[in-house]
Number of protein chains: 2
Amino acid sequence: MQAAVVSVPVAMASEAERPAKLRRVTTADAIFDRLYADILALRMPPGMPLQEKRIAEEFNVSRTPVREALLRLSEGGLVDIYPQSGTVVSRVPVSAIPEAVVVRKSLEGTTVERAAEIATPADIGRLDAIISRQRSLAALGDTSAFHEEDEAFHEAISGIAGYPGIWTILRTVKVQIDRARRLTLPVLGRMDNVVHEHGLIRDAIAAHDADAARAAMMHHLSAVIPDVAELRTQYPDYFC
Amino acid sequence: MQAAVVSVPVAMASEAERPAKLRRVTTADAIFDRLYADILALRMPPGMPLQEKRIAEEFNVSRTPVREALLRLSEGGLVDIYPQSGTVVSRVPVSAIPEAVVVRKSLEGTTVERAAEIATPADIGRLDAIISRQRSLAALGDTSAFHEEDEAFHEAISGIAGYPGIWTILRTVKVQIDRARRLTLPVLGRMDNVVHEHGLIRDAIAAHDADAARAAMMHHLSAVIPDVAELRTQYPDYFC
DNA sequence: CGCAATAAATTGATATACTAGTATTCACGA
DNA sequence: TCGTGAATACTAGTATATCAATTTATTGCG
């Protein structure tokens with residue numbers, strides 16, 4: 001099943017304070033990561049049918065860890081499990097995207113304000129490093145690596161603000177938006193715009209101007225809203 | 001299978017499903033709901049060791065659905081699973097509580113503003129009904145039922161705003177706060193204060209005054225922050 | 001063609017056994 | 001006596017086989 005909307009977030013602090021006893025990577029974790037990446041990269045497009053048994057054979061494991069991975073993906077809204085029927089890669093719920101954008105604006109607005117208040121020069125340096133890498137990747141046209149750095153930028157701001165758990169929530173919320181955005185990111189010049197907007201956010205944080213930082217973030221988040229109407233006509237099978 | 005007969009309030013929240021495919025309640029769901037309720041009500045206190053095998057025997061089911069339930073609880077931060085070692089009810093991460101409050105303020109602030117903008121008289125009526133029930137429950141001193149109505153109030157506001165997915169996030173974030181709050185809720189007069197604060201929020205929404213609604217919500221959320229320092233000395237085993 | 005009976009397919013759950021780490025115990029030696 | 005370390009008893013992770021419950025596809029008959 002799929003919660004139709006912004007899916008269940010992983011609780012904050014569950015991973016963060018594992019007392020030095022680092023959780024070892026289980027088979028189920030590996031399967032999850034692989035499927036997660038494949039779905040996000042659209043190598044497994046929305047609507048694609050999945051089967052526990054087939055995946056188990058493909059990875060040479062039993063159904064058990066595959067099932068665990070699929071259940072976790074289901075909670076994240078990336079797959080829909082229909083009992084006694086089948087499992088499919090979930091279609092992107094277009095109706096939930098506006099809500100997801102609202103969540104991002106709310107949380108990232110709060111976060112960037114706080115970051116602007118307490119950022120240190122070292123923090124600014126880390127942001128600069130990310131932006132620098134993004135500039136290079138934009139020039140190379142490496143959209144995949146660029147997207148990773150984009151995530152790193154937003155995660156870094158959460159870290160600067162002292163709200164690492166908020167990033168955990170945002171990552172979950174962002175997934176559906178990102179799946180849609182993956183279809184539009186190749187648009188020429190978009191990556192350069194992102195780099196520029198990140199620079200504005202960075203400058204506002206460096207200047208400890210909370211209001212400007214929020215404004216820059218709001219503008220940035222508004223700019224990356226995918227045009228769902230157009231996408232829907234272009235990839236009708238990928239949305240619902 | 002006897003456990004399926006054990007009637008557990010499955011509807012801990014809206015499982016608003018698509019009409020076509022409705023998901024039946026699985027054994028794992030029932031186990032999850034039961035454990036979730038027991039942990040939240042502190043019938044299973046933080047630090048209490050759990051064992052898949054023992055729980056399975058207790059519910060007369062196999063390990064499989066128990067395991068699925070524990071994995072979901074783990075993602076929600078309610079239990080900590082140590083591979084090849086054991087599972088325990090998680091201690092409340094005190095360091096995460098302030099962050100959780102920030103998330104609540106951010107999201108519920110956004111939500112209540114939107115609700116104030118578009119609330120209909122019928123919506124106000126629903127809020128009034130909840131507040132009315134809370135007033136009765138406060139008089140009776142039924143803290144458990146009162147808490148359920150408290151959840152209903154905040155969920156209703158999310159619904160009015162048209163952001164049902166935000167409630168899903170909030171519920172997850174609220175859990176850790178609520179676990180701590182359960183130790184302080186019996187404070188005399190607190191329930192009456194909550195009723196009053198809910199009334200102020202309701203009035204602001206009814207008046208379509210977004211600013212006042214946000215202010216009332218901020219005040220409300222600030223008032224229910226548990227005194228972690230005191231709790232930590234009073235229940236040292238429950239926090240980390 | 002319509003439709004009901006039937007077969008196939010798939011997830012949900014059970015039972016069992018085994019693996020691989022983890023924590024405890026307890027005898028042993030400095 | 002006090003560690004120390006190896007044997008030992010857990011516990012979660014995985015594998016396998018099997019059945020149950022349900023949905024979906026197929027078949028065959030009127």
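So you know, we letter chains A, B, ... as the sequences are listed, proteins then strands, and number each from 1. It should be emphasised that the depicted structure is a prediction, and the values quoted were computed from it without experimental measurement.
With distances taken from any side-chain atom of Glu52(B) to the nucleotides dA15(D), dT22(C), dG13(D), the minimum falls on dG13(D). Which of dT16(D), dA13(C), dG12(C) sits closest to the side chain of Ser62(B) comes down to dA13(C). Closest to the side chain of Ser85(B), from the set dT22(C), dA15(D), dT14(C), is dT22(C). Considering only the side chain of Glu68(A), dT14(D) comes nearest among dT11(D), dT14(D), dA13(C).
The interatomic distance linking Arg63(B) (CZ) with dG12(C) (P) rounds to 19 Å, in whole Å. Atom OH of Tyr82(A) and atom C1' of dG12(C) are 17 Å apart (whole Å). At whole-Å resolution of the value, CG in Leu70(B) and C1' in dG13(D) are 13 Å apart. For Ile31(A) and dA15(D), the CD1 to C1' distance is 13 Å, given to the nearest whole Å. Distance Lys53(B) NZ to dA17(C) P: 12 Å, rounded to the nearest Å. Nucleotide dG13(D) holds its P atom 19 Å from the CZ atom of Phe59(A), rounded to whole Å. Atom pair Arg54(B):CZ and dT11(D):P shows a separation of 10 Å (rounding to whole Å applied). Distance Arg67(A) CZ to dA13(C) C1': 8 Å, rounded to the nearest Å.
Judged by distance alone, the side chains of Ser90(A) and Arg179(A) do bring a donor and an acceptor atom under 3.5 Å apart. Under 3.5 Å, the side chains of Ser106(A) and Ser106(B) contain a donor-acceptor pair of N or O atoms. Of the N and O atoms on the side chains of His147(B) and Arg182(B), at least one donor lies less than 3.5 Å from an acceptor on the other residue.
Using cut-offs of 30° and 60° for the angle between ring planes, the Phe153(B) and His198(B) rings count as parallel. Tyr235(A) and Tyr238(A) have parallel rings, their planes meeting at less than 30° on a 0 to 90° scale where 60° marks the start of perpendicular.
OP1 or OP2 of dT11(C) lies within a sub-4.0 Å distance of a side-chain N or O belonging to Thr87(A).
Contact annotation for Thr27(A): backbone-only contact, meaning every heavy-atom pair under 4.0 Å involves sugar-phosphate atoms and none involves a base. Leu50(B) comes within 4.0 angstrom of sugar-phosphate atoms only, judged by non-hydrogen atoms across all strands, and of no base.
The base of dT11(C) is paired with the side chain of Gln84(A) by a donor and an acceptor separated by under 3.5 Å.
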